[in-house]
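So that the names make sense, note that chain A is the first sequence line, chain B the second, and so on, each numbered from 1. Since this is a predicted model, take the numbers as computed values, not measurements. Computed over heavy atoms, backbone and side chain alike; hydrogens, waters and symmetry mates excluded.
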Amino acid sequence: MIKITLPDGSVRTYEAGVTALQIATDISAGLARVAVSAEVNGEVWDLTRPIYTDATVKILKFEDDGGKSTFWHSTAHLMAEAIEYYYPGAKFWVGPPVENGFYYDVDLGGVKLTAEDLVKLEEKMKELAAQDNPYIRTEMPKAEAVAYFTEKGDEYKLDLLQGLNDGEITFYTQGKFTDLCRGPHIPSTGLIKAIKLTNIAGAYWKGDERNKQLTRIYGISFPKQQQLDEYLKMLEEARQRDHRTLGRELEIFTFDDDVGPGLPLWLPKGAAIIEKLEALAKRTEKEQGYVRVKTPHIARESMYLRSGHLPYYAESMFPPMELDGNKYYLKAMNCPHHHKIFSAVQRSYRDLPLRLAEYGTCYRYEQSGELFGLMRVRSLQMNDAHIYCTKSQFEEEFMKVNELYVRYFKIFGIEKYVMRFSKHDPKKLGQKYINNPELWQETEEMVRRVLIKSNLPFKEVADEAAFYGPKIDIQIWSAIGREFTIATNQVDFAQAERFDLYFTNEHNEKERPIIIHRAPLSTHERFIGFLLEHYAGKFPVWLAPEQVAVLPISDKYLAYGRQVRDTLVKNGIDATLDERPEKIGRKIRDTEVRKVPYMLIVGEKEQEQGTVAVRRQGQGDQGVKPLNEFVEQVLYEIREYK
RNA sequence: GCCGUUGUAGCUCAGUGGUAGAGCACUUCCUUGGUAAGGAAGAGGUCGCGGGUUCGAUUCCCAUCAACGGCUCCA
């Protein structure tokens, strides 16, 4: 007999070999019906796998994390069965669950799938699901498995087998499909009630671009049709929130073929947002002891050879232009220019830390397939600054930059982000990273110390550092779920030497500064792209390109409307006047759609009393108040970043 | 860069081997209306660009550019 401990702490006794499904049935028939897998001693198991020892068991439903991945992984197998039915020679690589659904990478031997094929596969899957075939787990010795796939001529599964040992090789069969798989799986296909194959894409085998490209089919499935409907609705809402859609609708930015891919044009409203962001950054940086500089957009090749960027970055820089026998590059980063400013003047330890800030415009030749709205572009303006400090000042400076993120993120209400401590990979020293193992270790230790001291949650990731040092990246997600680095704080122990940067220390000796590269507000492009989605286009008052719209009831009150608008503008508020001969309902609607935070409705009463009828976007009528009171209120909100 | 899909009016999208349509937006006129769409008329496209097939291509084929979904790469 064995003891089974359930999540509520209760213990039940069973014969050895009991399955989680039997336990679930004992708890309730309803639970057994919706159970998809079970967590046995912390591992996710098949419901039908016998348990022979004492264990803690948690029955997983679809809604549980482990449950979803089991469910989706099983659906991937179901899809594979359908693929094998229509494309008998198909060879399968891996079919894991992902955040939303699953995919399977498959070699179809040159067959190209169309959207109609997906529908066809989907129908077949539904048919196979309805057969309610059980997923049957079998173990197999390695030699036997190798023989099986050798005969089948399946190099992909043979490759997978290489990494496995005897005793850990299991197969799963449902219906006519058998796959090498670690599992676990749901008990049978009948649980899968709703299926949607979402798209087809190419994916390099093992994620290496030198390898063959396999066909990847993405899909998602649910135990109930209603859940699929809700999911599709959510996708549609995300699409509405997409910054590319909002950017067009709200006239923030545009692209044009004649200008070129990845080169955004900022429309007046986009430019207005930029100005407000810069005002925030400049004011904050001034408070924190930064000084501003300006540098050209191009520089000679020699500077990028000196900085060490060319060997690492040449591919992602625009090709050089030749002038008088010299090569000039469009700058892809501001740091070398700033280093030159550091060395332009003799520096003493008394000058440090020196914090050089610039909203520099950079150009990066991103691969064409990488471009993505404003989030990934070829011309970008960075909230850039370089801090030159002594080793003993480093921790404090680095910490201050981290505090700056927190301060900014609070203003923008950014809560969903991950701080990533990006380290180097020792195997790539001398290739991707400057070859100086001791300094890597030392600086990574310094960064870790600061992070722990700042009490900020972070995760460490190898092989994500800059070539010149470790960094902290702040990761966010776009509306459609893509991950981006929104801000970065980097240590640079390499360039000071390359540029022969030094200051005179208190012992009258030359000493190298440590450099911090930081961009807490990212680039205008990525940050505004992110903010558009974050606010769903409804910018807070301080940041809105059009803060107040004055809407006269009819043109009899246009003169008063002008007076109100002019008063607002004189106070530095971005206000417009709707002079169209439209009805007030129409004016309100159009202004609501533009997502202008405040509407002031003015008619006879307001004109007589010197008041305005305030309407808040998305919230409706806020009542009447004197104009000067409203002005004070808006100025307060702007000042407080509300 | 690679795989796949798409490309018709400012936007969203119909449509066809015989040189094109809708809604919204735009312009003009009428309406002067108190909290999310008043009415009428009009203008606007060499159907992404370049070749080919054809008596004739926006439609079929090829190439190219761009966008989109992934992969690889990065703020």
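Here A/Lys471 reaches the OP1 or OP2 of B/rA75: one of its side-chain N or O atoms lies under 4.0 Å away. Contact annotation: A/Arg482 side-chain N/O to B/rG70 OP1/OP2 distance is under 4.0 Å. Taking only side-chain nitrogens and oxygens, A/Thr485 never comes nearer than 4.0 Å to OP1 or OP2 of B/rC74. Between A/Gln490 and B/rA75, a side-chain N or O to OP1/OP2 separation shorter than 4.0 Å is present. At least one side-chain nitrogen or oxygen of A/Arg248 sits closer than 4.0 Å to the OP1 or OP2 atom of B/rU12. A close approach under 4.0 Å does not occur between any side-chain nitrogen or oxygen of A/Arg378 and OP1 or OP2 of B/rA66. The side chain of A/Arg586 contributes an N or O atom lying less than 4.0 Å from OP1 or OP2 of B/rA25. Between B/rC68 and A/Arg244, a contact under 4.0 Å exists linking OP1 or OP2 to a side-chain N or O.
Counting only heavy atoms from C-beta on, A/Arg526 has its side chain closest to B/rC74 among B/rC74, B/rA67, B/rC71. When each of B/rG34, B/rG69, B/rA75 is scored by its nearest atom to the side-chain atoms of A/Glu604, the top-ranked nucleotide is B/rG34.
Residue contacts for A/Tyr218: at a heavy-atom cut-off of 4.0 Å it reaches the sugar-phosphate backbone alone, with no base atom in range.
Note that A/Lys120 lies in the cation-pi zone of A/Tyr86, set by a 6.0 Å cut-off to the ring centre and a 45° limit from the axis.
No close placement of the A/Tyr417 and A/Trp477 rings is indicated, their centers lying 6.0 Å or farther apart.
With contacts defined as side-chain heavy-atom distances shorter than 4.5 Å, the pair A/Phe102/A/Tyr218 does not qualify.
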